[in-house]
Amino acid sequence: MKVFDLHCDTITECCKKNVSLYDNDMHLSLKRMANYEEYTQVFAVWIRDEMRGDVARQYFDNVTDYFYKQIEENNKIVSVYGDEAETKVKAVLSVEGGSACGGTLEGLTHLYNRGVKLITLTWNSPNEIASGAFSEGGFTSFGKDFVKLSEEYGIVLDVSHLNRESFYDFIKISDKPFVASHSNADIVENPKGRKRNLTDEQIKLIKERNGIIGLNFCRNFLESDGLFGVDSFIRQLEHFLSLDCENNIALGSDYDGCSIHSDFVGAEKLLGVYNTLSERGYSKQLLDKMFYGNANRFFEENVKGL
Ligand SMILES: [Zn+2]
């Protein structure tokens, strides 16, 4: 079984706690990921909302140094996605919070040069680019330049964490395929989830642009009305299928970034989730697309330099 997961906070947590990516007690470890046929993981450097300017940029460099150090130390198991090495685990570097650029386009060039392939434009507060899910306002003029230059570099842009106004600004600024790396459909009664997740209209716009949406395992975005774990995930899956999104759904686990039901914790549980969904009648073709194929196709088509 192959896995392609669009979002986790594992490398940020590993760096903070100074623990190994190979073997740890977190949701993801290379040791457990290597049990799969192939496991491509987008690892986010999460820039907290209180970090801006040089502080954000320095923090990005610290975590990114740690990311490459872990890959170097474990190069029999993991390599950078797009490299020649034939390893079980492929790692994609992303940032969650475009403030990692320090608020300058030269800083964005720095992110590109360090190998960033995907940028989640904001976290929950406003930043130099746009306003996030728990704040008011849309894109700034710097944000427009940021989007244009990112697209020239072939960096994938990610609308997860944008508020509605920023999302609709983004649709006007960008004409490229894009992702929501870790967002669900706004069908669960949870005040925080409602702001973070996508309306049907947003989902249709992502689909029209040939984008993909990574389904999030976060309990707050899944659970309500007596549905938990895989059952609550199936409710999301059914909703996306009702919107004809078979070719647009992927995984966006949010591992090591939020509270997750035991059905999904951690990498080693994905095989069981796949098998449960198969037993419930979902086809191998559909499951292979959601667990791997759609995201892999999107990256092959949209990330330059692979
Ligand atoms: Zn997030």
Side-chain angles (χ1 to χ4, degrees), residues 1-10 24-43 88-90 160 179-190 193 196-198 200 203 207 212-298:
M1 172 191 166
K2 293 182 177 179
V3 176
F4 196 128
D5 177 9
L6 292 169
H7 185 83
C8 76
D9 289 305
T10 310
N24 57 52
D25 59 1
M26 299 198 298
H27 292 160
L28 290 183
S29 71
L30 295 173
K31 190 177 171 184
R32 286 171 284 142
M33 295 160 89
N35 288 325
Y36 290 88
E37 182 186 349
E38 191 178 319
Y39 205 124
T40 301
Q41 180 65 55
V42 179
F43 287 99
K88 285 281 189 87
V89 184
K90 308 278 186 189
S160 284
V179 306
S181 70
H182 57 304
S183 293
N184 289 350
D186 175 19
I187 53 171
V188 169
E189 282 300 333
N190 180 295
R196 268 280 284 111
N197 292 315
L198 302 162
D200 288 358
I203 293 167
K207 178 181 153 68
I212 51 170
I213 298 156
L215 302 190
N216 195 319
F217 296 153
C218 175
R219 302 185 82 126
N220 287 340
F221 298 177
L222 290 175
E223 298 180 351
S224 70
D225 304 317
L227 286 184
F228 303 95
V230 172
D231 291 324
S232 63
F233 185 81
I234 286 174
R235 169 168 52 193
Q236 289 285 340
L237 177 55
E238 282 296 320
H239 190 80
F240 279 97
L241 293 178
S242 77
L243 299 172
D244 286 327
C245 286
E246 178 166 341
N247 295 319
N248 308 92
I249 45 175
L251 300 182
S253 68
D254 219 348
Y255 278 145
D256 295 305
C258 65
S259 171
I260 289 173
H261 188 277
S262 58
D263 282 358
F264 304 104
V265 173
E268 64 278 15
K269 293 286 182 72
L270 289 180
L271 179 60
V273 173
Y274 184 103
N275 288 336
T276 303
L277 293 172
S278 178
E279 284 159 19
R280 303 277 183 98
Y282 295 100
S283 71
K284 181 176 184 321
Q285 190 194 28
L286 170 72
L287 296 177
D288 288 349
K289 281 195 223 181
M290 178 170 71
F291 278 78
Y292 179 82
N294 288 340
N296 196 54
R297 183 203 68 229
F298 183 93

Rounded to the nearest 0.5 Å, what separates atom CZ in Phe221 from atom OG in Ser232?
12.5 Å
Heavy-atom distance under 4.5 Å between the side chains of Phe228 and Asp263, does that happen here?
no
Side chain to side chain contact (heavy atoms under 4.5 Å, CB included) between Gln236 and Val188, worked out:
CA-CA 9 Å; Gln236 289 285 340; Val188 169; 4.0 Å; yes
Just jot down the side chain to side chain contact (heavy atoms under 4.5 Å, CB included) partners of Asp256, sequence neighbours excluded, or say none.
Thr10, Glu13, Met26, His27, Leu28
On a heavy-atom basis, which atom in Leu270 and which in Met1 lie closest, and how many Å separate them?
O-CE, 3.7 Å
The criterion is side chain to side chain contact (heavy atoms under 4.5 Å, CB included); which residues satisfy it with Asp186, sequence neighbours excluded?
Arg164, Arg194, Asn197, Thr199
Any pair counted as salt bridge (Lys or Arg N to Asp or Glu O under 4.0 Å), so long as it reaches residues 278-293, sequence neighbours left out
Asp231-Arg280, Glu246-Lys289, Lys284-Asp288
Can you find a heavy atom in the side chain of Leu227 that is under 4.5 Å from one in the side chain of Phe233?
no
Salt bridge (Lys or Arg N to Asp or Glu O under 4.0 Å) pairs, two or more places apart, involving residues 26-41
Lys2-Glu38, Asp23-Lys31, Arg32-Glu268
Mind checking the OG-CG spacing from Ser253 to Leu215? Nearest 0.5 Å is all I need.
11.0 Å
Can you tell me which residue pairs pass the salt bridge (Lys or Arg N to Asp or Glu O under 4.0 Å) test with a partner in residues 235-245, sequence neighbours excluded?
Asp225-Arg235
Any side-chain heavy-atom pair from Leu287 and Ser278 closer than 4.5 angstrom?
yes
Tell me every residue that passes ring-ring contact (aromatic ring centres under 6.0 Å, His included) with Tyr274, counting only those two or more places apart in sequence or in another chain.
Phe291
Roughly how far, to the nearest 0.5 Å, is the CZ atom of Phe240 from the CG atom of Leu198?
6.0 Å
Might you point out which heavy atoms bring Leu6 and Ala250 nearest each other, and give the distance in Å?
CD1-CB, 3.8 Å
Could you tell me the separation between the CZ atom of Arg196 and the CG atom of Asn220, rounded to the nearest 0.5 Å?
10.5 Å
Closest non-hydrogen atom pair between Asn294 and Asn248, with its separation
ND2-N, 3.7 Å
Listed partners of Tyr36 passing ring-ring contact (aromatic ring centres under 6.0 Å, His included), at least two apart
Tyr39
Nearest atoms (heavy-atom pairs only) where Ser160 meets Ser181:
OG-N, 3.1 Å
Under the salt bridge (Lys or Arg N to Asp or Glu O under 4.0 Å) test, which residues partner Lys269, sequence neighbours left out?
none
Value rounded to 0.5 Å, distance of CG in Asp254 from SG in Cys8:
9.0 Å
Set of side chain to side chain contact (heavy atoms under 4.5 Å, CB included) partners for Ser283, sequence neighbours left out:
Gln285, Leu286
Contacts of Asp200 meeting side chain to side chain contact (heavy atoms under 4.5 Å, CB included) (sequence neighbours excluded), chain-then-number -> Ile203, His239, Leu243
Could you pull out all residues at least two apart from His7 that satisfy ring-ring contact (aromatic ring centres under 6.0 Å, His included)?
His182
Report the distance from atom CG of Leu222 to atom CZ of Phe264, rounding to the nearest 0.5 Å.
6.0 Å
Only counting residues at least two apart or in another chain, list the ones meeting side chain to side chain donor-acceptor pair (under 3.5 Å) with Glu223.
Arg219
Sort out for me which residue in Leu277, Val273, Leu271 forms a side chain to side chain contact (heavy atoms under 4.5 Å, CB included) with Asn275.
Leu271
